[in-house]
Amino acid sequence: MQNIIQRDLTINATAERIYNAIATPEQVVKWFPDTLTGEYRQGAQAVFSFGEKHRSSVYIEAASPYNYFAYRWVPGGNNFIGEVLTVPHTLVEFRITELEPGRCKVSLTETGFADLPADIAASSLAQNSNGWDVMLTRLQQYFSKEGK
């Protein structure tokens with residue numbers, strides 16, 4: 001069982017702007033979940049909603065401005081609402097590395113699929129592999145639409 005999804009992209013924006021797009025509730029909903037409720041800060045739990053059918057609790061593992069943000073969740077399509085740390089889950093990590101002023105590499109890693117229950121592991125990996133392609137394209141578009 002593959003255990004990791006890894007994606008890298010380059011965004012023409014500062015590390016601070018990219019971090020804020022990932023780590024602040026007001027901005028993350030402009031490219032990732034449709035809505036976010038709860039406390040979106042390190043050590044707290046929030047809920048991502050994707051449309052009317054898909055909701056997922058997330059536990060914010062780490063927030064290190066302006067280079068790292070991580071959360072744990074039961075992959076979104078599984079509609080898990082509850083205490084994330086009490087069940088098998090994956091870890092989503094965003095790393096931001098400045099390449100030059102105003103241009104950064106964003107690395108997304110999601111790990112833990114092999115630890116999910118067998119009945120959802122493969123489908124979660126497939127769904128999130130495709131989902132991250134879509135969502136990271138939306139993140140790039142967020143910055144291209146926003147302008148410099």
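- Expressed to the nearest 0.5 Å, how far CG of Leu85 lies from OG of Ser57 amounts to 10.5 Å.
- No continuous path of ILVMFWY side-chain contacts below 4.5 Å connects Val47 to Val92, so the two sit in separate hydrophobic clusters.
- For the pair Ile120 and Phe80, the minimum side-chain heavy-atom distance is 4.5 Å or more.
- By the 4.5 Å heavy-atom criterion applied to side chains, Phe94 and Ile18 are not counted as neighbours.
- Partner Thr90 forms a side-chain contact (heavy atoms from CB on, under 4.5 Å) with one of Asp115, Val84, Leu116 and no other, that one being Leu116.
- With sequence neighbours left out, Phe32 forms a ring-ring contact (aromatic ring centres under 6.0 Å, His included) with Phe48, Phe50, Trp132.
- If you take CG on Asn12 and CZ on Arg17, they are separated by 9.5 Å, rounding to the nearest 0.5 Å.
- A donor atom on one side chain and an acceptor atom on the other are not found under 3.5 Å apart for Tyr66 and Glu98.
- A single hydrophobic cluster is not seen to contain both Leu91 and Tyr40; linkage of ILVMFWY side chains at heavy-atom distances under 4.5 Å, directly or through other members, places them apart.
- Note that NE2 of His89 and OG of Ser124 are 13.0 Å apart. Values are rounded to the nearest 0.5 Å.
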### Query
When you look at Cys104 and Ile11, which way does the side-chain contact (heavy atoms from CB on, under 4.5 Å) test go after all the steps?
CA-CA 5 Å; Cys104 295; Ile11 296 178; 5.6 Å; no

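- In this structure, the side chains of Arg95 and Thr109 come closer than 4.5 Å at one or more pairs of heavy atoms.
- In this structure a side-chain-to-backbone donor-acceptor pair under 3.5 Å is present from Arg7 to Ser129.
- Thr10 contributes no side-chain N or O that, together with a main-chain N or O of Arg103, makes up a donor-acceptor pair within less than 3.5 Å.
- Other residues, nucleotides and ligands place no more than 12 heavy atoms under 6.0 Å from the CD atom of Glu52.
- Under the 4.5 Å side-chain heavy-atom criterion for Ile, Leu, Val, Met, Phe, Trp and Tyr, Tyr68 and Tyr19 are members of distinct hydrophobic clusters.
- The CD1 atom of Ile96 sits 11.5 Å away from the CG atom of Leu99 when rounded to the nearest 0.5 Å.
- Between the side chains of Asp8 and Ser107, at least one donor N or O lies within less than 3.5 Å of an accepting N or O.
- In terms of heavy-atom proximity, Leu125 sits nearest to Ile4 at CD1-O, 4.3 Å.
- Separating the CD atom in Glu110 from the CG atom in Asn3 is a distance of 10.0 Å, to the nearest 0.5 Å.
- Interatomic distance, Leu108 CG to Gln6 CD, rounded to the nearest 0.5 Å: 7.0 Å.
- Annotation for Ser49 and Arg55: closest pair OG-CG, 3.5 Å, computed over non-hydrogen atoms.
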### Query
Stepwise, does the side-chain contact (heavy atoms from CB on, under 4.5 Å) test hold for Asn128 with Trp73?
CA-CA 12 Å; Asn128 285 23; Trp73 71 341; 3.7 Å; yes

